[in-house]
Amino acid sequence: MRDLPVGFLDSGIGGVSVLREAVKLLPNENYFFFSDSLNNPYGDKSDDEIISRCDEIVQYLLEEKKCKAIVLACNTASAKAAEYLRNKYSDVPIVAIEPAYKMVHDFAPKGFTLVMATRGTLESEKFAALYSKYDNGNTELLACVGMADLIEQGRFDELDKYLEELLGKYRGRAENVVLGCTHYPLAVENIKKVLGDVRFFDGANGVARQLKRVLEKAELISSSERTGIIDFEDSSISQEEKNIKHKRFLSKISI
Ligand code: DGL
């Protein structure tokens, strides 16, 4: 049981930003990453659509891939489906991510803060609870519609234009930026081109630490002393697209 993989899921390759933190902290674990790029983006889908799709993927990860634990490496899926999945698969550790707004409260509470996330995440009840608890009165919430898509498809020239339009007005003013979608850490350099040297906050490291705690508590930490295996699967239809995704995944996972 201890040497079975930890299953990761995201609507695409964004969740690699979480997986690489887990690999740094828990290098001896085996991992299986499911990238649902056929159904990307999740950010504009209804709660029911996200719940049912995540349910199918989790079932696949547990039954076919024999995963011992699940990480929802997607803020949107976490906001909308984590509760349902934890109730349904109550004997499986399920770790979820949320926008790292609490970190702003802990480390840089006064600064003008932008929370960048999908519309789905920002409109969720889960995020509303987090925001009302840690609101610093100096924050703007930005629903970055279409941004995860541009990153997923590697359209970085278009992304630069998109970010200039979205963020240009905050240049010189923004101090903290919460990367509330797991795709966004893959675009940090692009965001810096517009906003300069801001402080970035993302939940990936916290999720990795939470995964470690949860595996320890359940006595599921790998007993292997060798570096673990990282498997990848993408839901695209054509083999060509699957290969492109796999290649991009490998280039992002290298740490
Ligand atoms: N990576 C995702 C997130 O953290 C989802 C992006 C999307 O599919 O819209 O929210």
Side-chain angles (χ1 to χ4, degrees), residues 7-22 33-54 56-58 70-85 94-101 103 114-128 130-131 141-156 158-159 162-163 166 177-188 190-191 200-208 210-211 232-236 241 245 248-249 252-253:
F8 273 62
L9 77 87
D10 183 31
S11 66
I13 61 160
V16 75
S17 61
V18 185
L19 176 59
R20 62 191 178 193
E21 292 300 316
F33 187 98
F34 191 94
S35 149
D36 192 19
S37 68
L38 183 65
N39 295 295
N40 180 280
Y42 280 4
D44 300 314
K45 290 200 163 43
S46 71
D47 293 16
D48 286 350
E49 281 174 302
I50 291 176
I51 288 172
S52 96
R53 184 58 190 143
C54 290
E56 280 170 13
I57 299 169
V58 169
I70 300 292
V71 175
L72 303 176
C74 171
N75 287 268
T76 316
S78 295
K80 301 195 170 211
E83 197 183 335
Y84 174 89
L85 296 168
I94 297 181
V95 177
I97 189 165
E98 66 180 10
Y101 192 55
M103 281 175 79
L114 296 175
V115 178
M116 299 174 71
T118 67
R119 182 163 50 200
T121 296
L122 294 181
E123 288 178 356
S124 68
E125 282 172 30
K126 210 169 161 229
F127 180 75
L130 177 79
Y131 187 47
L141 307 180
L142 294 180
C144 305
V145 178
M147 180 167 163
D149 237 356
L150 294 175
I151 298 168
E152 181 66 27
Q153 293 167 22
R155 289 155 57 195
F156 287 100
E158 282 170 70
L159 179 67
Y162 174 98
L163 289 172
L166 182 77
V177 174
V178 175
L179 302 168
C181 164
T182 56
H183 280 72
Y184 303 168
L186 306 181
V188 158
N190 308 74
I191 297 171
F200 287 102
F201 295 88
D202 92 76
N205 182 265
V207 166
Q210 175 65 3
L211 175 64
F232 174 83
E233 184 173 322
D234 181 83
S235 59
S236 302
E241 258 181 68
K245 285 293 154 80
R248 289 195 59 216
F249 173 80
K252 304 284 176 210
I253 193 73

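Values in this document were obtained by computation on a predicted structure and should not be read as measured data. Numbering of ligands and ligand atoms starts at 1, following listing order.
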- prompt: What closest approach, in Å, do Ala187 and Ile151 show between heavy atoms, and which atom pair accounts for it?
  reply: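 Taking every non-hydrogen atom into account, CB-CD1, 3.7 Å.
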Of the non-hydrogen atoms in Tyr184 and Cys144, which two are nearest, and what is the gap between them?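 Heavy atoms only, the tightest pair is OH-CB, 3.3 Å.
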Start with the C-alpha gap between Leu186 and Val16, add the side-chain angles, then the distance that decides, and say whether side chain to side chain contact (heavy atoms under 4.5 Å, CB included) holds.
CA-CA 9 Å; Leu186 306 181; Val16 75; 4.0 Å; yes
For ligand 1, what are the residues with a heavy-atom contact below 4.0 Å?
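Those residues closer than 4.0 Å to ligand 1 by some heavy atom are Asp10, Ser11, Asn40, Pro41, Tyr42, Gly43, Cys74, Asn75, Thr76, Thr118, Ala148, Cys181, Thr182, His183.
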Review point. Would a distance-only check, ignoring hydrogens and angles, find a side-chain to backbone donor-acceptor pair under 3.5 Å from Glu98 to Ala79?
Key: no
Q.
By the definition side chain to side chain donor-acceptor pair (under 3.5 Å), identify the one residue from Asp36, Asn40, Asn39, Thr182 that meets it with Ser11.
A.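 In the set Asp36, Asn40, Asn39, Thr182, the residue that makes a side chain to side chain donor-acceptor pair (under 3.5 Å) with Ser11 is Asn40.
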For Phe33 and Phe232, take the angle between the two ring planes, folded into 0 to 90°, and tell me which bin it lands in: parallel under 30, tilted 30 to 60, perpendicular over 60.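 Phe33 and Phe232: parallel rings.
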